[in-house]
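Worksheet for the structure shown next.
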Amino acid sequence: QLQLVESGGGLVQPGGSLRLSCAASGFNSRYYYAVSWFRQASGKEREAVSCISVVGDYTTYADSVKGRFTISRDVATNTVYLEVNSLKPEDTAVYYCAAKTYDCTADTRQQNYWGQGTQVTVSS
């Protein structure tokens, strides 16, 4: 079964950057997948941040992160990245990667697989 493992989180100052990684394994290469990043701040609902569609080769971004975050993939290592730039305190959250078949959606309920999350803290 498909497994996702996030890494790359940490403590960063406002305006700083990180690159989050989501390593995938155990997937069926016959299927088309969309891999998303979600985040959940303390006391808040989990929200969609970005998504990349393997078959469609397109990306999506939440309005709050457009122009600051970049999602990409490394086919050779089955890894999806989220480069988070110009970080703000409000970006502080646990960041999760998720996967589903077919196209990107922002609905948490439609994601078939989840990673364990990686903490991003933006603070001076």
Is there a side-chain contact between [X] and [Y] (heavy atoms, below 4.5 Å)?
X    : Y    : result
Q111 : Y96  : no
S25  : N78  : no
Y33  : N112 : no

Donor-acceptor pair, distance only, cut-off 3.5 Å: does the side chain of [X] make one with the backbone of [Y]?
X   : Y    : value
S50 : T60  : yes
Y58 : C104 : yes
Q1  : G26  : no
Q40 : A93  : no
E6  : G117 : yes

List in chain and number order the residues that pass side chain to side chain donor-acceptor pair (under 3.5 Å) with S17, two or more places apart in sequence or in another chain; answer none if no residue qualifies. N85
Atom CG in L4, atom OG in S21: separation rounded to 0.5 Å?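 If I round to the nearest 0.5 Å, the distance is 12.5 Å.
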Please, which pairs that meet salt bridge (charged side-chain N to carboxylate O under 4.0 Å, His left out) have at least one residue in residues 58-78, sequence neighbours excluded?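 The answer is D63-K66, R68-D91.
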Apart from V84 itself, what residues make up its hydrophobic cluster, given side-chain heavy atom links below 4.5 Å? V12, L18, L20, V35, W37, V49, I52, Y61, V65, F69, I71, V80, L82, L87, Y95, V120, V122
Compare every heavy atom of Q119 with every heavy atom of T92, then report the nearest pair and how far apart it is.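 The pair with the smallest heavy-atom distance is CG2-NE2, 3.9 Å.
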Establish whether F27 and Y113 are linked, either directly or via other cluster members, by ILVMFWY side-chain heavy-atom contacts under 4.5 Å.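 Yes; tracing contacts between hydrophobic side chains, which count when under 4.5 Å, links both residues.
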